[in-house]
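Computed from a predicted structure; not experimentally measured. For the numbers below, each heavy atom of this structure counts, side chains included, while hydrogens, waters and symmetry mates do not.
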Amino acid sequence: MIAITCIAFSSFWPSSRTMETIGHTALQVEKLRREQRANGPACILAVGTANPENCITQDNYTDWYFEVTKSDHLTHLKDIMKKTCEKMGVKKRYIHVTEELLRDHPELLDPATPSIDTRLQLVAAALPDLAAAAAVKAISEWGRPAGDITHLVFSTSSGAHMPGADGRVASILGLRPTVQRTAVAFQACTGGAAALRVAKDIAENNRGARVLVVCADALSVMGFHALGEEARPDGFLAHAIFGDGAGAVVVGADPVAPGERPVFEMVLTAQVTLPGTEKFISCDYGAGGLVYNLAPPDVPVFVGENIEPCLTEALKPLGIVSGGWNSLFWVVHPGSPVILDSYEKALRLEPRKLAASHRVLSEYGNMVGPSVIFVLDEVVRGRRQEEEGEGVGRPEWGVLVGLGPGFTVEMMVLQECSNK
C-alpha cells in the first residue's frame with residue numbers, strides 16, 4: 001500500500017496577520033532608508049593643503065641631485081636632467097628626501113640595492129603627519145570641531161602598511177572612534193578626484209554626514225635613486241617633476257547656516273577607463289623602490305584625442321556646455337605642462353582658464369594624488385576673495401578632472417553655491 005499524506009496549503013501560506021507584519025516592516029525599512037539620505041547634494045565646505053618643509057628650487061635641483069647622488073662625474077646625464085627640469089614649468093618643489101635622510105639611508109641611492117623595506121618605513125613615519133597637517137587646515141576653515149567628522153576617506157599611492165595611515169591620521173586629529181574610514185589606494189594622479197567621488201556618495205546617502213577627504217603622497221621617498229648610464233627618459237622626467245604634498249577637503253550635504261559656507265555643489269561624477277591603455281601610465285614597486293613607466297610622447301597625444309569626447313558624454317545629461325568649454329571654470333590636475341597644453345588645444349580654452357593648474361604645477365610640481373586638491377584650493381580661495389563683490393560674469397558651472405593609470409579619466413561637475 002502507498003500512504004498518501006495530505007498537507008494543508010494553509011500550513012505554508014502566510015496568515016493575513018503575518019502579511020500585515022511584513023508590509024509594515026517593509027514600510028518601516030523604506031522610511032528608514034529615506035530618512036538616512038540627505039535632502040540635497042554634497043557640497044565642498046572647506047579645503048586645506050600641506051607640504052614637507054624641505055623645498056628645492058627647480059634652478060638648483062640638478063646640481064643638488066647630482067651632488068647628493070655622488071654623480072657629478074656623469075656630465076652628459078646632468079645636461080639631460082637640467083634640460084628636462086627647464087621644460088617642466090616648475091619653479092620649486094617640496095620633497096621629503098633630504099641630504100640627511102640619504103646619509104642615514106645610503107641604500108636609497110642604488111636602484112640595484114634592495115631598499116623597499118626602508119622606503120616603506122620612512123613613508124609610514126612621515127605620511128600621517130603630512131596628511132594631518134592638511135586636514136587641520138581644512139577643519140579649521142570649516143569651523144566645526146574635528147569630532148563632528150563622521151567619515152574619513154583617505155587616498156594615497158605611497159606606502160603599504162596595515163593598519164594604514166588612515167587610522168593614524170584619525171588618531172592624530174582626535175576623530176571619534178566611531179568615524180567610518182575608507183581607503184582609496186594606488187590611483188596615482190586620479191587619487192584626489194576618486195576620493196572626492198567616494199565622499200560625495202557617502203555624504204548624500206548618510207544624512208548629516210561630514211566627510212573628511214585626505215589625499216597624501218610622498219613618492220619622492222619611494223622613487224628617489226641615482227640615475228645610471230642606462231637611465232630611461234621616465235627616470236629624468238620623474239625626478240624633474242614630482243613633489244610631495246597633502247590635500248584635505250570637508251564634504252557634506254545640507255549645509256548648516258550660518259556656520260558652514262559651501263562653495264561648490266558636487267553635482268555629477270563620471271569615470272572612463274580607455275580600453276587598451278593599461279601601459280600608458282604605470283608604476284611598479286620592486287626591491288629597489290618605485291619604477292615609473294610614463295610613456296611621455298604618447299600621453300599628451302592621447303589626452304588631446306580623448307578628453308573632449310569623455311567630457312561631452314559625462315556632461316550631456318546637464319546640457320551646460322552650449323556656450324562652449326570656455327563657459328565653465330576648470331579644476332584640472334596638472335600632470336605636466338604638455339598635458340595641460342593638450343587640454344587647452346583640444347578644448348580650445350582661453351589662456352587663463354587653466355591658470356590655477358599652471359600655478360600649482362609651478363609652485364609645487366606634480367604631487368600626484370593631492371595636486372587636484374591644491375588646484376581646487378586655488379579656485380576656492382579665488383571665489384572666497386570675490387564674495388564681497390558681485391562676481392559678475394563668473395562661471396557658475398565647472399569641471400574637476402584628473403588623469404591617471406588605467407588610462408583613466410576621473411571627472412566631477414561642480415556648481416557654485418552662491419549663484420543658486
Less than 4.5 Å apart, side chain to side chain, heavy atoms only: is that true for Leu361 and Pro337?
yes
Pi-cation contact, Phe329 with Arg383 (under 6.0 Å, within 45°)
yes
OG of Ser115 to CZ of Phe224, rounded to nearest 0.5 Å, is 12.0 Å
In sequence, state the C-alpha distance, the side-chain angles, and the governing distance for Glu344 and Lys353, and then conclude on salt bridge (Lys or Arg N to Asp or Glu O under 4.0 Å).
CA-CA 8 Å; Glu344 291 169 338; Lys353 281 294 177 179; over 6 Å; no
Between Ser336 and Ile339 (side chain of the first, backbone of the second, donor and acceptor by atom type, cut-off under 3.5 Å), is there such a pair?
yes
Donor-acceptor check, side chain of Ser357 to backbone of Pro334, threshold 3.5 angstrom: yes or no?
no
Asn54 side chain to Val97 backbone, donor-acceptor under 3.5 Å:
yes
side-chain hydrogen bond (donor to acceptor under 3.5 Å, both in side chains), that's the test. Do Asn39 and Arg207 meet it? Break it down for me.
CA-CA 8 Å; Asn39 292 325; Arg207 183 182 292 271; 3.3 Å; yes
Answer yes or no: is there an ion pair linking Glu141 with Lys137, defined by an N-O contact shorter than 4.0 Å?
no
Below 4.0 angstrom, N of the basic side chain to O of the carboxylate: do Arg181 and Asp166 qualify?
yes
Pair Val213, Phe154 - check side chain to side chain contact (heavy atoms under 4.5 Å, CB included), show working.
CA-CA 6 Å; Val213 173; Phe154 187 85; over 6 Å; no
Assess whether a salt bridge exists between Arg210 and Glu260, defined as any Lys/Arg side-chain N lying under 4.0 Å from an Asp/Glu carboxylate O.
yes
Acceptor/donor pairs from residues 81-92 side chains to any protein atom, 3.5 angstrom cut, sequence neighbours excluded:
from, atom 1, to, atom 2, distance (Å)
Thr84, OG1, Ile80, O, 2.8
Lys92, NZ, Glu363, OE1, 2.1

For the pair Ser158 (side chain) and Ala218 (backbone), establish whether a donor and an acceptor sit closer than 3.5 Å, ignoring hydrogens and angles.
yes
Is the shortest side-chain N to carboxylate O distance from Glu308 to Arg348 below 4.0 Å?
yes
How long is the straight-line distance from CD of Glu53 back to CD1 of Ile95, given to the nearest 0.5 Å?
13.5 Å
Does any N or O in the side chain of Ser327 come within less than 3.5 Å of the main-chain N or O of Trp325, such that one atom is a donor and the other an acceptor?
no
I'd like to know if Glu313 and Lys316 make a salt bridge, using a cut-off of under 4.0 Å between side-chain N and carboxylate O.
yes
Validate the cation-pi geometry between Arg93 and Phe242: distance from NZ or CZ to the six-membered ring centre under 6.0 Å, angle to the ring axis within 45°.
no
Presence of salt bridge, Asp201 and Arg197, under 4.0 angstrom:
no
